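In this chain, numbering begins with 1 at the start of the sequence shown. When a ligand or atom number is given, it counts from 1 through the structure's own listing order. These numbers were taken from a predicted model, which means no experiment stands behind them.
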Amino acid sequence: MAKSPEVKVAVFGRAGVGKSALVVRLLTNRFIWEYDPTLESTYRHQANIDDEMVSMEILDTAGQEDLLQKEGHMRWGDGFVLVYDITDRSSFEDVAPLRSLLEEVRKPRHVPLVLVGNKADLEHARQVATEEGERLAADMACAFYECSACAGTAGTAGTAAGTVAEAFHELCREVRRR
Ligand code: GDP
Ligand code: MG
């Protein structure tokens, strides 16, 4: 049997936006409220994407790395999930600089990415409008998802958590298109 394609995915975003919660949700279909924020881990995850088994290696960054570590992660990945928290404007403002650094590190290659606005369940505390996320994604020419690591059931399309899987799958497609 042919070996399934491997995609290295690095998850970036300010500490506290929910990177670990999203990754845990994707892997286990569960939400874990407290997760060591200083922890950096890699995980393996297999998914059926368009009738093909794809092996993802997922790097959940801590979001507090120095520049050298960040650049190392950026060289390691094939594709990148840039996460912000819709209730934290400063986390949204962190995205564009991250993208610039990615472009610089990977140049002249195209950088496959997806933009994720997490904590969509906290609508009452929203600081970043959906349209702003859409606009930023359009600027970066990438897909955009608003989702929640803690609402609904992962893998169920149309739910906030189903969107978590969809975001990772779309990133894999984008990587594989190149
Ligand atoms: P990380 O530093 O980016 O890895 O963030 P964590 O995954 O550790 O999450 C930071 C905090 O946000 C934790 O208290 C989580 O319980 C919470 N959190 C993460 N995702 C969500 C979400 O989708 N909705 C809500 N309400 N809280 C979340
Ligand atoms: Mg974390």
Neighbour count above 12 (heavy atom, 6.0 Å) for R177 CZ: yes
Q127 and T87 side chains, donor-acceptor separation under 3.5 Å: no
Backbone or side-chain N/O/S of T61 under 2.8 Å of the Mg ion (ligand 2): no
Close N or O approach (N118, ligand 1; < 3.5 Å): yes
Any C150 heavy atom less than 4.0 Å to ligand 1: yes
Residues H73, K8; criterion side chain to side chain contact (heavy atoms under 4.5 Å, CB included); working and verdict: CA-CA 10 Å; H73 294 154; K8 294 196 187 98; over 6 Å; no
The single option from V116, L59, L22 passing side-chain contact (heavy atoms from CB on, under 4.5 Å) against V81: V116
A62 N/O to ligand 1 N/O under 3.5 Å: no
Numbering as shown, the atoms of ligand 1 that approach S148 to under 4.0 Å (heavy-atom distance): 23 (O)
Any N or O of C147 closer than 3.5 Å to N or O of ligand 1: no
Atoms of ligand 1, numbered as shown, that sit under 4.0 Å from any heavy atom of V17: 3 (O), 5 (O)
Contact atoms of ligand 1, heavy-atom distance to A15 under 4.0 Å: 2 (O)
For the student: nearest non-hydrogen atoms of D60 and Y43, plus distance: CB-CE1, 4.1 Å
I58 CD1 to L171 CG distance, which is reported to the nearest 0.5 Å: 9.5 Å
Flag for S90-R14: side-chain donor and acceptor within less than 3.5 Å: yes
Contact partition for D121 relative to ligand 1, non-hydrogen atoms under 4.0 Å: side chain
contact_flag G63 ligand 1 heavy-atom lt 4.0 Å: no
For L122, atoms of ligand 1 separated by under 4.0 Å from a heavy atom: 26 (N)
Nitrogen or oxygen of A21 less than 3.5 angstrom from that of ligand 1: yes
Numbered atoms and elements of ligand 1 in range of A149, under 4.0 angstrom, heavy atoms: 20 (N), 22 (C), 23 (O)
Residue pairs fulfilling ring pair (Phe, Tyr, Trp, His ring centres under 6.0 Å) with at least one residue in residues 115-147, sequence neighbours excluded: none
Whether over 12 other heavy atoms sit under 6.0 Å from L67 CG: yes
